[in-house]
Every structure is written in C-alpha cells, then in structure tokens.
Protein chains: 2
Amino acid sequence: MVRPLPFDPIEEAGRQWGAQEWDEVGAMQAATSIMRAQQIVLARVDEALRPWSLTFARYEVLVLLHFSKEGVLPLGKMGDRLMLHQASITNLVDRLEQQGLVKRVPHPTDRRTTLAQLTGEGRSVVGDATKAVVAAQVGVAELSDRDARDLHRILRKLRAGADDFES
Amino acid sequence: MVRPLPFDPIEEAGRQWGAQEWDEVGAMQAATSIMRAQQIVLARVDEALRPWSLTFARYEVLVLLHFSKEGVLPLGKMGDRLMLHQASITNLVDRLEQQGLVKRVPHPTDRRTTLAQLTGEGRSVVGDATKAVVAAQVGVAELSDRDARDLHRILRKLRAGADDFES
DNA sequence: CCAGATTACTTTGACTTCCAACTATCTGTC
DNA sequence: GACAGATAGTTGGAAGTCAAAGTAATCTGG
C-alpha cells in the first residue's frame, strides 16, 4: 500500500510544528495519532472481512441488527447508534440488501419507517465474520488489555465532550 | 448532524458483545473508540478550516509543504508522509491547484517526478488556517496534556506494529 | 379537523479514499 | 548500450460520507 518511513512521521511533525512556534504540539500529535490509528484499524478489519465482501461499515450494521432481539431495527435508529448520516445508512442497507444479508420490511404501524431485517444468511455471516474480526483482534493487536482500557477511558472524554451521548 | 444517544454506545456494545460470548471485548471497545474519535476530530478540524474551503487532508498537504525548506516536495514523498495512496495525493494536489494554493512544477532532473510547490497565497493560508486549527485545539479540546501524551504513547505502539515507520 | 411542523427515508451531487490498470521515465545488469 | 524491472504519476471505477432537497406519513395546536 504505502512505503514505510525511516522515522516516525508524528514525532517529526511535532518537531517541525514546534520549530514554527505553533502552539498545541501535544494536541496536534494526539489528533494526528488518532487519524493514523483509525486508518490502520480500518484497513485491518476490512482485510479480515474481505472473505465476506464486507466492509467495517457494513459489518457494524450487521452486528447492530444481530444485537437486537429480532434482528430488526428502523434505519434511523441505526444511524443514531453508528453516528452516521441518514443517507449513509440508506446506502449501506442498499448494499447489504444486494448481498442478501438484510432485507427491508415495512414498519407495522408507522408507514414512514423502514425496518432492516437480518436474513438467515445475514445472521450466519455475522457469526463467521465476527470470528475473523476477533482473530484479527479487531485491528489493535499491539495493545495490551491495559492499553486498550486506558485508550477507551481517554477517548471517552473526547466523545462525551462531542455530545456523542448523554453522560 | 446526528441526535445524541441516551447512553454511551460503546459501553452498550461492550455489554452486548460480551453477552454473545464473543472475545476481545476490550479490543473491540478500543477499536470502536478510535473510529468514533477520528470522526469527531475530523469534523471539528474540517469545521475550523471551512473559512478557507480546506479539509483536514488538504490542510495536511499544505503544512507538509510549509515544513519543507523551499515549499516544494515530490507528490510521492507526500503520499509516504501522509500515509495516503498515490491516487489520493493526485486528487488532493488537483484541488489545491484549483484553489491556487499549490502549483505543479516539473522535477529538474527526473522527468517522471512532479513537484508540488506552495504558492504565495498557499503559504499565507497555511499560517492563517493553522491559527484556526490551534484555536480549535486540533479537535481534542477535552484532553489534558497528560491525556494527549498517554494517547500518543499508546497509539505509537499500534502505528509501530503497522509498519507505519521504522522504529 | 385540518394546516403547518416534524419525522423518516431516499435521491442527487460533491468529495475522499482505495485499487487496478496504464503511460512515461529511469536504472541496473549483462 | 539494450532491455527487464522498478518507480512516478494519472485515470477510471467502486465504496462510503455528508449536505441539501424531495417525498411521504404522522403529529399537533388552534
């Protein structure tokens, strides 16, 4: 994909950022670290999901449906949970439907609402795909349990501040 | 953009992941935290850059050029530093060129290579835009210096493992 | 009870990212 | 020196994201 560098690009950026007398070097490095880490995790999980022609985004939709009792959820609810725009959910469900993993069904009482329902194959695929994702340690193999916990704790502050959820 | 939830979606996901007897709950929560954090940071920085019609990606290109002595770099080198695919750099430089912030110039000796060069306006925009990015604390306002340092330290392990750079 | 506001989803269009294929140019080797 | 292989960048296509506008259905206040 990309050639490895002979130095850590974020250390280097910190050095040069400071040399320009720009502030918030630590914040810049933290932010940049998050961006790169996301790139890495996404690439690894997508790789693990390739056998099912799934992406992380579509996999998340399947997992969310799997977690709901009947394997059925309104599209809007999924958008809220996954922090995605309505149009993105429409698009993801379109593709999952084409793949036969999900099917759209009308809401029994509210005719504005469309429900996504896990198909039999969808349910089976979630299970298999999750095994692969777990085997890939969800893309964060280098982190100890302690690291994972610390990371989660620190990023929770960020998410809480972004109104990600009511705390 | 999206409605806030009455609970922390990552805590909830951890609960349900465990209830399915799936492993690596901690890794899953760490990975998901990274994905959401990236979404938040990206949105905030993009917002700060809106007055210049810049995105984080294009801003990073400008900063990289600004850091180089002459404001000139081969496209490929920028792809390596920013961990982006060649095609992405081509696209970013296309747009920056349309915006008049960068201009393509031929490499003096290697005719395969194209150099991107910061224009006068480009150099001025980097400075102004950086003030805005710093004012927005690079999107990680909630993190203390300590948090930022810890985050950087933990994610460095992940990046090192991904061959992001030679350690 | 009904007009206006709200809600749910889809559509369209602009961007970004990657991959794969392609063109052009160098480089190392015999 | 010639040629096979590597390297640099561009192009086209698939996927995903968001914003804004459109359609349909439901809710609400007078």
Side-chain angles (χ1 to χ4, degrees), chain A residues 1-3 35-36 38-47 49-50 52-61 72-99 102-117, chain B residues 1-3 35-36 38-47 49-50 53-61 72-99 102-116:
Chain A
M1 192 197 303
V2 180
R3 289 140 294 199
M35 306 299 290
R36 299 283 175 269
Q38 187 264 358
Q39 225 175 357
I40 290 166
V41 172
L42 183 61
R44 287 175 173 175
V45 175
D46 278 353
E47 173 63 29
L49 291 170
R50 198 182 310 280
W52 296 273
S53 297
L54 283 175
T55 60
F56 198 167
R58 273 176 281 156
Y59 170 71
E60 280 192 291
V61 171
V72 176
L73 283 174
L75 300 205
K77 206 127 307 287
M78 295 198 290
D80 294 347
R81 278 295 287 271
L82 301 178
M83 304 302 213
L84 288 176
H85 196 278
Q86 292 183 325
S88 300
I89 290 293
T90 292
N91 182 15
L92 292 174
V93 171
D94 281 353
R95 292 182 198 292
L96 287 168
E97 206 167 18
Q98 285 161 20
Q99 291 181 277
V102 145
K103 126 182 113 180
R104 278 182 169 86
V105 301
H107 188 286
T109 63
D110 186 340
R111 287 185 300 165
R112 290 171 304 181
T113 300
T114 301
L115 302 173
Q117 176 172 42
Chain B
M1 193 198 300
V2 182
R3 288 139 294 199
M35 306 300 289
R36 298 281 175 270
Q38 186 264 359
Q39 221 175 2
I40 291 166
V41 172
L42 184 61
R44 287 174 173 177
V45 176
D46 278 353
E47 173 63 29
L49 291 170
R50 197 182 310 279
S53 298
L54 284 174
T55 59
F56 198 166
R58 273 176 284 160
Y59 170 71
E60 280 192 292
V61 171
V72 176
L73 283 174
L75 299 206
K77 220 152 265 337
M78 296 198 291
D80 294 346
R81 278 294 287 272
L82 301 177
M83 304 306 234
L84 287 176
H85 195 277
Q86 293 183 324
S88 303
I89 291 292
T90 292
N91 182 6
L92 292 174
V93 172
D94 281 353
R95 294 189 193 287
L96 287 169
E97 205 167 20
Q98 286 162 19
Q99 291 182 276
V102 145
K103 126 182 113 183
R104 277 183 170 86
V105 300
H107 189 285
T109 62
D110 187 340
R111 286 185 300 165
R112 289 171 306 181
T113 301
T114 301
L115 302 172

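We name chains A, B, ... by the order of the sequence lines, and we start the count at 1 in each one. Just so you know, these numbers come straight off a predicted model, no measurement behind them.
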Tell me if a side-chain donor or acceptor on [X] pairs with a main-chain N or O of [Y] at a distance below 3.5 Å.
X: A:Asp46; Y: A:Phe56; result: yes
X: B:His107; Y: B:Asp110; result: yes
X: B:Arg58; Y: B:Ser53; result: yes

remark   = Checking D:dT17, D:dG12, C:dT25 against the side chain of A:Asn91 (C-beta onward), the nearest is D:dT17
Is any side-chain N or O of [X] closer than 4.0 Å to OP1 or OP2 of [N]?
X: A:Arg58; N: D:dA15; answer: no
X: A:Arg95; N: D:dG16; answer: yes
X: A:Arg104; N: C:dT10; answer: yes
X: A:Arg111; N: C:dA8; answer: no
X: A:Thr113; N: C:dT7; answer: no
X: A:Ser88; N: D:dC18; answer: yes

remark   = The answer to which of A:Ile89 and A:Arg50 contacts DNA chain C further toward the 5' end, by nearest nucleotide, is A:Ile89
ask   = Would you say the side chain of B:His107 and the base of D:dA8 hold a donor-acceptor pair, judged only by whether the two atoms sit under 3.5 Å apart?
value = no
key: Salt bridge present between A:Arg104 and A:Glu97 (N-O < 4.0 angstrom)   = yes
Value in whole Å for how far the C1' atom of D:dC18 lies from CZ of B:Arg44 = 18 Å
note = To the nearest angstrom, the CG-P distance between B:Leu42 and D:dC18 comes to 10 Å
